[in-house]
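Because the structure is a prediction, the values reported are computed rather than measured.
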Amino acid sequence: MTFEKASELYKRGLNYDVCIHVYTKDMVYAYKFVQEEIDYLAGRMEVKEIFDDHIDFLKGQEIVKVLYMNTDYDYLKKIEDDLKDITGDLDVSYSSNRYIEFNHQGVNKGQGLKKLADILGVDIKDTIAIGDNFNDLSMIKVAGLGVGVQNTVEDMKKECDVITKATNNENAVAEVINKYILGTN
């Protein structure tokens, strides 16, 4: 993502009740790093809290993505509508029932799965993708078998080939491996 686009998303994000994340290749920076988010990310990734109303210190660095965090999904949807004037050239998705993600257009899990299959010499129809939220949708659609876990976002379930009995916290991946790869379920 260009610095200019990331900076614009950052500045616009200051107007919302969100924790803003800016991802570079080496670090995640967070503005309004609220305790709920600190607790949620504990042990998952290193995050550096920032306090400025700009990200000029990142000029010249490769910015991977920007995301906003708020646990109110409807609120995030309103933000998406508000930002349509600047997000037409981005991939916008949702994850973990708390994030709206902004990525460079074409940078998504579906493209990643295609690239990985190509590198490994695997036909895309022989792949399986498993997910639970809209940031997984591109990969679920491109995979030979697109699997949603039991607690997949309701609006996304119709896009999946199958839905597991288990949730993402209850061994859904093992369920898929056993049934579709090992044939033991």
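Remark: Phe102 pairs with Tyr68 by the ring-ring contact (aromatic ring centres under 6.0 Å, His included) rule, at least two apart or across chains. Under the salt bridge (charged side-chain N to carboxylate O under 4.0 Å, His left out) criterion, Lys59 pairs with no residue at all, not counting sequence neighbours. Applying the salt bridge (charged side-chain N to carboxylate O under 4.0 Å, His left out) test to Glu4 and every residue at least two apart in sequence or in another chain returns nothing. A search for side-chain hydrogen bond (donor to acceptor under 3.5 Å, both in side chains) contacts involving Lys65 returns Glu101, not counting sequence neighbours. Considering only residues two or more places apart in sequence or on other chains, Ser96 meets the side-chain hydrogen bond (donor to acceptor under 3.5 Å, both in side chains) condition with Tyr40. Remark: Glu8 pairs with no residue by the salt bridge (charged side-chain N to carboxylate O under 4.0 Å, His left out) rule, at least two apart or across chains. Remark: Glu175 engages no residue in a side-chain hydrogen bond (donor to acceptor under 3.5 Å, both in side chains) (not counting sequence neighbours).
Contact record, Ile130 with Ile128: CG1-CG2, 4.1 Å, taken as the closest heavy-atom pair. Scanning all heavy atoms of the two residues, the minimum distance from Ile124 to Ala117 falls at CD1-CB, 4.1 Å. Smallest separation of non-hydrogen atoms from Gly88 and Gln105: O-NE2, 3.6 Å. When every heavy atom of Leu113 is checked against every heavy atom of Ala129, the shortest pair comes out as CD2-CB, 4.2 Å. Scanning both residues, Ala172 and Ala166, for their nearest heavy atoms gives CB-O, 3.6 Å.
A salt bridge (charged side-chain N to carboxylate O under 4.0 Å, His left out) check over residues 26-39, counting only residues at least two apart or in different chains, returns the pairs Glu37-Arg98. Evaluation of the side chain to side chain donor-acceptor pair (under 3.5 Å) test over residues 112-133, restricted to residues two or more places apart or in two chains, returns Asn97-Asn133. Within the structure, every pair that satisfies the side chain to side chain donor-acceptor pair (under 3.5 Å) test and touches residues 79-94, not counting sequence neighbours, is listed here: Lys5-Asp89, Arg12-Asp85, Tyr16-Asp82, Lys77-Glu80, Glu80-Tyr94, Asp91-Asn108. The stretch residues 136-156 participates, sequence neighbours left out, in these salt bridge (charged side-chain N to carboxylate O under 4.0 Å, His left out) pairs: Lys109-Asp136, Lys141-Glu159, Glu154-Lys157.
In this structure, the separation between NZ on Lys78 and CG on Asn70 is 11.0 Å, given to the nearest 0.5 Å. Put simply, CD1 on Ile177 and CG on Leu182 are 7.0 Å apart, with the number rounded to the nearest 0.5 Å. Rounded to the nearest 0.5 angstrom, Asn135 CG and Tyr99 OH are separated by 11.0 Å. In this structure, SG on Cys19 lies 10.5 Å from OH on Tyr31, to the nearest 0.5 angstrom. Separation of atoms CD (Gln61) and CE (Met27) is listed at 10.0 Å; rounding is to 0.5 Å.
The hydrophobic clustering, which links ILVMFWY residues whose side-chain heavy atoms are closer than 4.5 Å, places Val18 and Leu90 together. Taken together through direct or relayed side-chain contacts under 4.5 Å among Ile, Leu, Val, Met, Phe, Trp and Tyr, Val66 and Leu83 form part of one hydrophobic cluster. Under the 4.5 Å side-chain heavy-atom criterion for grouping Ile, Leu, Val, Met, Phe, Trp and Tyr, Tyr75 is not connected to Met69 through any hydrophobic cluster. One hydrophobic cluster, built from ILVMFWY side chains closer than 4.5 Å, holds both Leu76 and Leu9. There is a path of hydrophobic side-chain contacts, each under 4.5 Å, that joins Ile100 to Ile63.
With contacts defined as side-chain heavy-atom distances shorter than 4.5 Å, the pair Val162/Val147 qualifies.
For the side chain to side chain donor-acceptor pair (under 3.5 Å) with Asn151, the lone residue among Asn169, Asn168, Thr164 that qualifies is Asn168.
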Only pairs under 3.5 Å count here: list side-chain donor-acceptor contacts from residues 45-58, not counting sequence neighbours, and write none if there are none.
from, atom 1, to, atom 2, distance (Å)
His54, ND1, Asp56, N, 3.2

TODO: Give the intermediate values and the outcome of side-chain contact (heavy atoms from CB on, under 4.5 Å) for residues Leu116 and Met139.
DONE: CA-CA 11 Å; Leu116 179 61; Met139 131 180 112; over 6 Å; no

TODO: Starting from the C-alpha separation in whole Å, work towards a yes-or-no answer on side-chain contact (heavy atoms from CB on, under 4.5 Å) for Thr24 and Tyr29.
DONE: CA-CA 8 Å; Thr24 67; Tyr29 298 92; 4.0 Å; yes

